[in-house]
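Report on one structure; see the data block that follows.
Keep in mind the model is a prediction, meaning the values are calculated, not measured. Both counts, for ligands and for their atoms, begin at 1 and track the order of listing.
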Amino acid sequence: MTTPASGLACIRCGAPPVVHWTRRLTDDEFAAFVALEQARRDLATALADPQGPPPDFGPLPVESDNARSVYACIDHSISLDAAALVHAKTCTAPPCNCTPEPAPQPEPAPDPVELPPGWSDA
Ligand SMILES: [Zn+2]
Ligand SMILES: [Zn+2]
């Protein structure tokens, strides 16, 4: 199986993917991600002007900020509804064996404006 030009491949068979969804990073992936970020900050600190204030990077990333894309071909896809959600780091989809995170709540609809008598369509 050759890798598609895009570099993306089905998680199961390596075929060119047609769908994707996201899952949280595993502990190992997240540790590597934080280590990379820390190394980047260490380098920036080392290169910073010693006369100036130290660079302020803010807090390190947290797990809930990060998700990884999972790609699948037509034979190894999951349902559209499931693909719309963020899956757990332990998810082995396909087939999905986790409880995906709930979808974000939609914005509540604004209260209808009360119109003066005679202004409504009804
Ligand atoms: Zn596949
Ligand atoms: Zn899942």
Side-chain angles (χ1 to χ4, degrees):
M1 182 63 67
T2 54
T3 310
S6 63
L8 303 175
C10 170
I11 187 176
R12 276 296 159 98
C13 69
V18 292
V19 295
H20 74 273
W21 58 93
T22 53
R23 65 163 169 78
R24 292 302 173 197
L25 275 61
T26 65
D27 292 342
D28 284 353
E29 287 169 345
F30 184 67
F33 177 76
V34 170
L36 202 66
E37 174 66 12
Q38 188 61 58
R40 188 184 71 79
R41 293 179 180 201
D42 289 348
L43 184 67
T45 304
L47 296 175
D49 178 3
Q51 308 298 326
D56 179 12
F57 300 111
L60 277 168
V62 295
E63 245 165 296
S64 56
D65 288 344
N66 291 282
R68 175 150 299 198
S69 293
V70 179
Y71 297 90
C73 72
I74 200 160
D75 294 329
H76 296 123
S77 61
I78 58 176
S79 75
L80 181 61
D81 286 348
L85 305 172
V86 179
H87 291 248
K89 61 186 174 185
T90 53
C91 182
T92 57
C96 174
N97 63 351
C98 78
T99 305
E101 294 175 16
Q105 291 298 311
E107 293 280 316
D111 289 337
V113 177
E114 190 176 344
L115 296 171
W119 281 70
S120 75
D121 297 334

Give me the protein N, O or S atoms that fall under 2.8 Å of the Zn ion (ligand 2), sorted by chain and residue number. His87 ND1, Cys91 SG, Cys96 SG, Cys98 SG

Supply the atom-to-atom distance Phe33 CZ to Asp28 CG, rounded to the nearest 0.5 angstrom. 15.0 Å

Quick one: SG on Cys10 to CG on Asp75, what's the gap to the nearest 0.5 Å? 8.0 Å

Is it true that Glu29 and Arg24 make a salt bridge, defined as a side-chain N closer than 4.0 Å to a carboxylate O? no

Between atom CH2 of Trp21 and atom OG of Ser79, what is the distance when rounded to the nearest 0.5 Å? 9.5 Å

Name whichever N, O or S atom of His76 ends up nearest to the Zn ion (ligand 1). ND1

Would Glu63 and Lys89 count as a salt bridge (Lys or Arg N to Asp or Glu O under 4.0 Å) here? Give the steps. CA-CA 10 Å; Glu63 245 165 296; Lys89 61 186 174 185; 3.4 Å; yes

Drop me the distance from Leu85's CG to Cys96's SG, to the nearest 0.5 angstrom. 9.0 Å

